[in-house]
Every structure is written in structure tokens, then in C-alpha cells.
Number of protein chains: 2
Amino acid sequence: MLQTVEKAAQVLYLFTPERPEWGVSQVAAELGLPKSSAHAFLSTVAEVGLLYRLMTGRYRLGFRILTLSQSLLHNTPWREAAASEMEKLRHATGETVHLAVMAGGELVSVIRLDGTRPDHAQISPAGSVVPSHCTAPGKMLLALRPWAFVGAVLDQHGLEGFTPNTIVSRDELRSELLKIRERGFAYDIEEYRAGVCCVAAPVRNHNGETIVALGITVPSERFHAHKEALREAALAGAERISQQIGFDPDFTQSGRYWWTSVEGREELRPARPIRSKRSKDSE
Amino acid sequence: MLQTVEKAAQVLYLFTPERPEWGVSQVAAELGLPKSSAHAFLSTVAEVGLLYRLMTGRYRLGFRILTLSQSLLHNTPWREAAASEMEKLRHATGETVHLAVMAGGELVSVIRLDGTRPDHAQISPAGSVVPSHCTAPGKMLLALRPWAFVGAVLDQHGLEGFTPNTIVSRDELRSELLKIRERGFAYDIEEYRAGVCCVAAPVRNHNGETIVALGITVPSERFHAHKEALREAALAGAERISQQIGFDPDFTQSGRYWWTSVEGREELRPARPIRSKRSKDSE
DNA sequence: CAAAATGTTCGCGTATCCTGAACAGCAAGC
DNA sequence: GCTTGCTGTTCAGGATACGCGAACATTTTG
């Protein structure tokens, strides 16, 4: 709903570190809009301060972003607690440790700690957006959401293939998610980047809901040599974080459909009774 | 234009560190919208990841903000150069030094360095939004914009009074801005916070345009005792920063109306010839 | 100097958003 | 307990505001 706002967000999200500057025509071409519409969007978003207009008529992100960012970090105290636990995990394993949440159907990295080994896995920095269907934390978080949600995400972002191992079939992904849900952890065996694997474990709050996922990312050879140990480390780490921050009231964030199940039978216990019984678990 | 997007931004800006959580009814009451409209806005903005929906139906900022913030900081290299110069200034004066830009008609603090003296002036942290009509950097930036822009800003945000010294009359503000423009610096004599004064100087790029302002904020007694010295320090500091970062191409940010003048006669030289001759210097 | 690109403006038609009223859960209230 | 206020949510009709295409102004390319 409110497609105008959705499109404005799309425009905003075009501004990445790799491509920080956009003009009207470029935006129009990229999003398939008429130039005049692109102009209206850029102009309006700039007017409210989220973009800044250069003299040339091109645009960059505006400093009002900084304000929102401050507000966000200020009321996310659990970040620090999680970071300190993750530091221990990095020290123990020497590998790259990261924490991610889902936002807007994609995976956003919240904390990244690079491994201490010289050949630690390189992953994208905190704040990055990565697809959810081909990363361990992404699949972990998808697995604990109802299929209706997963379907909506896939409709919107598709199942892009990055390596030969990437799951690009909906059915295959579905059974993978069911398996992950049952086991309680997720693997990514070179599904996003060749030569890089990852294990992810869910961080739960006191209601058993999973909002964020912890991942340990490791170069393939070493990953396969210590698969079980890494998995246990991830699970234990996620568990410790859960205990530390699970009762933080700020941590009860959730999407629209937390409690419903993947299959339709197996059901997650919600914190409070379900209110609307929107059982159109379509597709 | 695009009032839908504007309202969505208004909704987003409600989420401050002091008030990080909002429900549908609260937003509706605050912005004077029907509940259903507030619902649509919150719901849509959450869908794109800029907000996050709690289980209770209340909302918080979403982590997609983090992504934008990363992009912004990544392509704002002049922050570091400015910060190092400001550090020198803090060391020399012992006072609180800050740097601010205008975004969405209000003043956004980009860098804040607390003074080293035990009784240094306390100001709001980086990322904060403060009014522009009653702060020294705000008035400095307004003064270098055409009156049409100033008028639009005042129409939108009004002239709220914070202390007996706050300028609340449009005419009075106008002559104040003209004076500031002529002199090249701005004072704030307890116009925003009682007992606190500030001097601001413009940071210019190589075209002579002013995008950011440097401020030194000081408790009133000490301010009046060293008024001229502080002013010179601010001007010199701003000048050094200008020379360091003035040629950074990222620093040529500008609004819609940079070049036109306050009065209609006196004219700022633009980098490139003026294109649109929108001379509706209304009001 | 010509030509293709840019950002910008304007007006019309229609799709989209805004609204108000009704619904469903929840938390207190005599 | 049942009721009264409060949440968030849904729906459908009517009016507004958005999106489009064409034309303009300017700059950069050839």
C-alpha cells in the first residue's frame, strides 16, 4: 500500500556507497519511471532533508539521515551487549562473526567483527544489505517466519543466483527452510560467495521469537574441517546473547506474522494471544 | 509537491531518542491525521524497512536506517578533515566546537566536540535537529540563502521562542540576517538556551558557497569576556577548514537557491551560470 | 556549430490516496 | 463478570493529488 512512499524508498535506496550520486535521468532509467516522476521524487525527498541537491542537479544523501541513525542507535542498547558476546566468540574461533536482522525483506548486517586469522572471511560491513535466500543468517530468519511472508519476500526480491550452489528454486528453498527450522541452525555452503561458508544460529527473546541471527563466516576448507565445532560455537554464542538481551523490552521487535507457522500446523507460541486471525497463508 | 512523501517523512521524524516508540493513535493525534491514514503510513514505511513493527502494534525505527547512514558517512570524506581542524580549535579555546548543515529546513549537527573546560557549554549531540532561527550556525546558514528560502523555512517551522532573547519577529530576523550576511559571522546571545552563547562562521567551498557552519558555544559570562577572540577563532577555524575541504567535489552540495540574494540586488556569484531564472522572490 | 544529453515546467486524466465509520482485541473501570 | 474506553485494523466510496508525456531551457558531447 501507499505505492508513492514505496517508490520514494526505492529511490532512497539507490544511494549506496558504490553509487552515492544520482541524477534525474539515471534514476528514471534505473527504476523505469518518466523523467518528470523521478524529478518529483528526488525533489521531494531532498526537500525533507533525506537527500541533498548538488548544484549540478544531481543528488546525494542528506544529513537528516544522520539524525535518524542517531535515534536508532540511541534506543538499541542491546547492540552493545551482543557485541561483547560476539567479541568473545571471535576470540575463541578467530573467525569473522556477524549479527543481522531483516528489514524491508532483505538482510541488514548490524554488527560485524572481522576474524583474527590472516585469511579470515571477508564479508560486507555493518549496515550492508544482502539477499536473504542465499546467506545463512538470512535463511535462518526466513525459516522462522511463515511461508506467506517468505513468499512475499521472494516475489519482491526474486531468487538471484550468485554461485552454482545458490538455491534458485522456490520449492527447494522451502524444503531447505523447513530443515533449518527443525534443526535450529542454518548453513550457507558457498551459496553467496564462492569459497566462503557460514553457519547461523537464532538469537531469541524470552518469548522464543527470533529477531536477529548470529553468523560465523569461514573460508571453505577450514569450514568443512570444523563444521560441527563452528556450529556449536554459533549456537552457544547465540544462546548466550539470547540470555543477555532476551528480556530487553526493546528487543521484542517483530514483523507482521511472527507467530504463525511455516507449514500451517507447527506453531510458534506468541507472547500475547493472536489478535487478527488473518489465515490467508496463501501460496 | 508529493505531499504523501512529505507526510511519510514527518512520520519518520517523530521517532527521536526521547520518543523512540509510537503507536498508530499517537501518530494520528500528533500529526492530526485520521487513524487509518496514520496506519497506512506507519505500515508502509515499516514495509520498506525504515520502521519496525513491534508485536504490540507499536513502531520503532528499522535497521534499514543503518544502511543509509553507512552510505552517507562513506561518501562524506570531508568530515574527517573538518574534525581534525575542529580538534585544534577545541584545544586552543577549551570550548565546545560544532559543525552543522541545513537539511529539510532545520539545522542538523554533524560533528560535536565537547569543550575541555569543566564548565564547557552542553549542546545537543551530533545528529540532533535544532531550529535555525535561534542558533548562531542556523542564522549564519540562513543569512547566505535568499529570502524566499528563509521565508519558506519560517512558514514551515515557525519562529518558536525559547528564551526572552529569541527573535520571534520575521522583520527583526530579516534585518538580523542582513547584518550577519554583511559581517560574515553570527552571534547567538542566549537566544536558544539561557546562559549559553555562540559564535558561528561560514565554511565555504572554492566557489564561495557556504554549505556548513562552524560554531563555538560558550557559557555566557566567559563568552562576553572574550567575545572578539572567540569570534576570530571561529572565523580562522572556519577559514582553515574551508581551505582544507573547499575543493572536495563532494562538498559542492547546495540547495535550490544558492546563488540568488537576500535582498534581490546583492548577488552571490554562482559556480556555474544560473539556469532557471525563477525570480519569484516572493514575500 | 549541431545534436544529444541533461534538469525543469506545465496541464490533463485517472489511478491513488485519504477519509470516516465500523470491526476486533485488549485493559482497565465501576 | 460485563461494560466502557482504549488500542490497531479493515473496507469502500469520493475527491484529490499523483503520474504521465510533451515541450522548454541549458549544458555537454560530437
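All values below were derived from every heavy atom in this structure, side-chain atoms included, with hydrogens, water molecules and symmetry-related copies excluded. So you know, we letter chains A, B, ... as the sequences are listed, proteins then strands, and number each from 1.
- Applying the side chain to side chain donor-acceptor pair (under 3.5 Å) test to R19(B) and every residue at least two apart in sequence or in another chain returns Q26(B).
- Rounding to whole angstrom units, CE of residue M1(A) and P of dC11(D) are separated by 10 Å.
- With F15(B) as the aromatic partner, R60(B) does not meet the cation-pi criteria of under 6.0 angstrom to the ring centre and within 45 degrees of the ring axis.
- In DNA chain D, runs of at least 3 consecutive Watson-Crick or G-U pairs, each pair with both distances below 3.5 Å, span C:3-15 with D:16-28, C:17-25 with D:6-14, C:27-29 with D:2-4.
- Rounding to whole angstrom units, CG of residue L2(A) and P of dA15(C) are separated by 18 Å.
- The side chain to side chain contact (heavy atoms under 4.5 Å, CB included) check on V153(B) picks up S132(B), F149(B), H157(B), with sequence neighbours excluded.
- Here H74(A) pairs with P17(B) under the side chain to side chain contact (heavy atoms under 4.5 Å, CB included) rule; sequence neighbours left out.
- A search for side chain to side chain donor-acceptor pair (under 3.5 Å) contacts involving Q70(A) returns nothing, not counting sequence neighbours.
- Figure legend: R174(B) and W147(B) shown as a cation-pi pair, the cationic atom lying under 6.0 angstrom from the six-membered ring centre and within 45 degrees of its axis.
- Partners of S36(A) by side chain to side chain contact (heavy atoms under 4.5 Å, CB included), not counting sequence neighbours, listed by chain and number: P34(A).
- A46(A) is linked by a side chain to side chain contact (heavy atoms under 4.5 Å, CB included) to L51(A), Y59(A), counting only residues two or more places apart in sequence or in another chain.
- The distance from atom OH of Y59(A) to atom P of dT6(C) is 15 Å, rounded to the nearest whole Å.
- Going from atom CH2 of W22(A) over to atom C1' of dG7(C) covers 17 Å, rounded to whole Å.
- Without hydrogens or angle criteria, H39(A) side chain to V24(A) main chain gives no donor-acceptor distance under 3.5 Å.
- Partners of E239(B) under the salt bridge (Lys or Arg N to Asp or Glu O under 4.0 Å) rule, at least two apart in sequence or in another chain, do not exist in this structure.
- In this structure, D171(A) has no salt bridge (Lys or Arg N to Asp or Glu O under 4.0 Å) partners at least two apart in sequence or on a different chain.
- In this model, the phosphate group of dG7(C) is not approached by any side-chain N or O of H39(A) to a distance below 4.0 Å at OP1 or OP2.
- At the phosphate of dC18(C), neither OP1 nor OP2 sits under 4.0 Å from any side-chain N or O atom of S37(B).
- Residue F41(A) contributes atom CZ, which lies 17 Å from atom C1' of dG7(C) at whole-angstrom precision.
- Looking at which nucleotide of DNA chain C each of A40(B) and R58(A) is closest to, the 5′-most match is held by R58(A).
- Residues from residues 3-10 of chain B lying near DNA chain D, meaning a heavy-atom separation below 4.0 Å, are Q3(B), T4(B) in numerical order.
- Contacts between residues 25-36 of chain B and DNA chain C, counted as heavy-atom distances below 4.0 Å, involve P34(B), S36(B).
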